[in-house]
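Could you have a look at this structure, given as structure tokens, before my questions?
For the numbers below, each heavy atom of this structure counts, side chains included, while hydrogens, waters and symmetry mates do not. Since we're looking at a predicted model, the values are computed, not measured. Throughout, protein chains are lettered first and strands after them, A, B, ... in sequence-line order, and every chain is numbered starting at 1.
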2 protein chains.
Amino acid sequence: MSTPRWLDEDEQRAWRAYMRMQGRLTAHLNRRLQADSGLSLADYEVLVLLTDVPDGRLRPFEIQRGLDWEQSRLSHHLSRMQRRGLIAREECAEDGRGALVVLTDEGRRAIGAAAPGHVETVRRVVFDGLSEEEVTALERLSSRVLDRIETTGTPDPPAAGRESRDHGRDG
Amino acid sequence: MSTPRWLDEDEQRAWRAYMRMQGRLTAHLNRRLQADSGLSLADYEVLVLLTDVPDGRLRPFEIQRGLDWEQSRLSHHLSRMQRRGLIAREECAEDGRGALVVLTDEGRRAIGAAAPGHVETVRRVVFDGLSEEEVTALERLSSRVLDRIETTGTPDPPAAGRESRDHGRDG
DNA sequence: GCGGAATGCATGACGCATCATCTATGTTGT
DNA sequence: ACAACATAGATGATGCGTCATGCATTCCGC
């Protein structure tokens with residue numbers, strides 16, 4: 001790592017713009033969601049996964065992979081959601097170690113109430129301002145970076161070593 | 001808000017890719033930085049601002065605007081950084097309410113040690129994988145979204161109402 | 001079928017982010 | 001000069017994210 005390859009001017013501008021944008025965007029989405037429906041963005045994403053499956057029932061590790069979260073984050077988060085009545089936990093019949101996360105009626109109601117507003121917000125602050133090409137660019141660019149993170153010689157706790165090349169259907 | 005304008009397929013793919021990427025990216029950067037130098041990304045950004053100014057001295061509100069942070073987040077964060085000896089606080093002569101954040105020697109050492117590695121990480125996971133056009137796209141796209149957040153009819157605590165249209169020099 | 005590794009999940013400690021609120025100083029209008 | 005208000009900053013409570021660790025159960029080689 002001799003003399004560091006600093007970012008050139010364009011890269012620097014892009015980087016700062018990105019960093020600033022991403023901070024504000026998540027903050028914004030979180031606040032809107034919280035104010036409109038009492039859910040956090042994290043709650044929302046968990047609930048989406050659960051509603052996407054017929055019986056509203058998922059194994060924690062499925063959610064974990066679906067969202068690319070750390071295991072312990074999910075566990076803690078599920079506890080909080082459980083406390084608030086958005087989900088429930090059941091024992092898993094097929095795997096003695098396992099658990100099952102179940103969407104409660106309250107959870108279903110909450111996500112149903114939150115979704116339209118949230119999508120509208122996302123649309124307004126993001127997609128309504130982007131051209132088709134920019135949307136494509138965003139997707140390609142994100143996938144590229146994601147790939148590089150997973151390929152970089154850094155274990156990076158979630159999906160460690162190099163053996164778990166599946167994370168198949170991501171919705 | 002009659003029937004919500006859901007995201008079409010491309011938008012949805014882009015959105016999921018972005019969300020997943022951004023989560024992983026910040027986590028990745030944070031971990032690398034933490035492991036290599038004991039700094040968090042937040043520490044790093046504060047220190048960068050301080051080193052960019054000749055005497056290593058800034059008013060909290062300047063940092064706040066430079067980073068687009070919430071005031072109380074900054075205040076708490078400064079306290080922690082102070083506790084760790086990265087910065088110090090002084091009283092402000094010109095404004096009795098004010099404070100001054102001063103970069104300590106330890107802070108200067110820390111950022112100096114951290115910077116090369118961090119930049120290298122950013123380069124590796126982001127810029128080395130993007131074409132020039134994609135870098136430009138990233139910048140435009142981020143600025144656009146940022147703009148829309150600030151223009152959307154949502155107060156959004158930091159930089160409230162509509163009167164503080166300055167946040168001038170951000171570089 | 002037994003011992004070791006891997007997997008699925010939970011938990012406690014701790015740093016971080018936000019909200020609401022508080023104090024003190026500065027500014028402005030009358 | 002003073003009341004009303006704005007600005008700079010700090011603080012406590014609380015929810016969130018990560019790390020390290022713990023503990024079952026299941027899997028696998030012998």
- Is the backbone of B/Ala27 close enough, under 3.5 Å, to the side chain of B/Asn30 for a donor and an acceptor to pair up by distance? no

- Assess whether one donor atom and one acceptor atom, taken from the side chain of A/Ser75 and the base of C/dC9, lie less than 3.5 Å apart. no

- Short question: side chain of B/Arg124, backbone of B/Val119 - any donor-acceptor pair under 3.5 Å? no

- Name every residue in residues 86-110 of chain A that has at least one heavy atom under 4.0 Å from any atom of DNA chain D, in order of residue number, or write none if there are no such residues. A/Asp95, A/Gly96, A/Arg97

- Message: For the backbone of B/Arg5 and the side chain of A/Arg123, can you confirm whether one donor and one acceptor N or O come within less than 3.5 Å of each other?
- Response: yes

- Exam field: side chain B/Glu11 to backbone B/Asp8, donor-acceptor pair closer than 3.5 Å: yes

- Message: If the helix axis at each end comes from five base pairs, how far does the helix from C/dG1-D/dC30 to C/dT30-D/dA1 deviate from straight, to 10°?
- Response: 30°

- Comparing B/Phe61 and B/His76 on DNA chain D - which has the more 5′ nearest nucleotide: B/Phe61

- Item | Atom pair distance, as rounded to whole Å: CG in A/Asn30 and P in C/dC16 | 19 Å

- What class does the angle between the rings of A/Tyr44 and A/His118 fall in, given that below 30° is parallel, 30 to 60° is tilted and above 60° is perpendicular? tilted

- Query: Is A/Leu67 reachable from A/Leu100 through a run of I, L, V, M, F, W or Y residues, each pair having side-chain heavy atoms under 4.5 Å apart?
  - Reply: no

- May I ask you to verify if any side-chain N or O of A/Arg84 is less than 4.0 angstrom from the OP1 or OP2 atom of D/dG15? no

- Message: Between C1' on D/dA10 and CE on B/Met81, what's the gap in Å once rounded to a whole number?
- Response: 17 Å

- Query: Rounded to whole angstrom units, what separation is found between the CG atom of B/Leu78 and the P atom of D/dG9?
  - Reply: 10 Å

- Message: Is there a continuous path of hydrophobic side-chain contacts, each under 4.5 Å between heavy atoms, that joins B/Leu50 to B/Val102?
- Response: no

- Query: Does B/Gln71 make a side-chain donor-acceptor contact with the base of D/dA8, cut-off 3.5 Å?
  - Reply: no

- Message: Measure CZ/B/Arg83 against P/D/dA10 and give the value in whole Å, please.
- Response: 14 Å

- Consider the side chain of B/His77, meaning its heavy atoms from C-beta on, and name the nucleotide among D/dT11, C/dC16, D/dC19 that approaches it most closely. C/dC16

- Item | Minimum-distance nucleotide (side-chain atoms of B/Ser79 versus D/dC19, C/dT18, D/dT11) | D/dT11

- Message: Can you tell me if B/Arg80 touches the phosphate of C/dC14, counting only side-chain N or O atoms and a distance under 4.0 Å to OP1 or OP2?
- Response: no

- Item | side-chain N/O A/Arg59 vs C/dT7 OP1/OP2, d < 4.0 Å | no

- Under a single-linkage definition using a 4.5 Å side-chain heavy-atom cutoff for Ile, Leu, Val, Met, Phe, Trp and Tyr, are A/Leu130 and B/Met19 assigned to the same hydrophobic cluster? yes

- Rounded to whole Å, CH2 of A/Trp69 lies from C1' of D/dC16 at a distance of 10 Å

- Backbone of B/Gly85 reached by a side-chain donor or acceptor of B/Thr104 within 3.5 Å: yes

- Task: Could you state the atom-to-atom distance from CD of A/Glu45 to C1' of D/dG17 in whole Å?
- Result: 14 Å

- Out of curiosity, B/Glu70 CD to B/Asp68 CG, how far, rounded to the nearest 0.5 Å? 10.0 Å

- Rounding to a whole Å, what distance do you find between A/Leu58:CG and C/dC9:P? 11 Å

- Item | Length of the line joining B/Asp43:CG and C/dG15:P, which is rounded to integer Å | 12 Å

- Return no unless some side-chain N or O of B/Arg73 is found under 4.0 Å from OP1 or OP2 of C/dC19. no

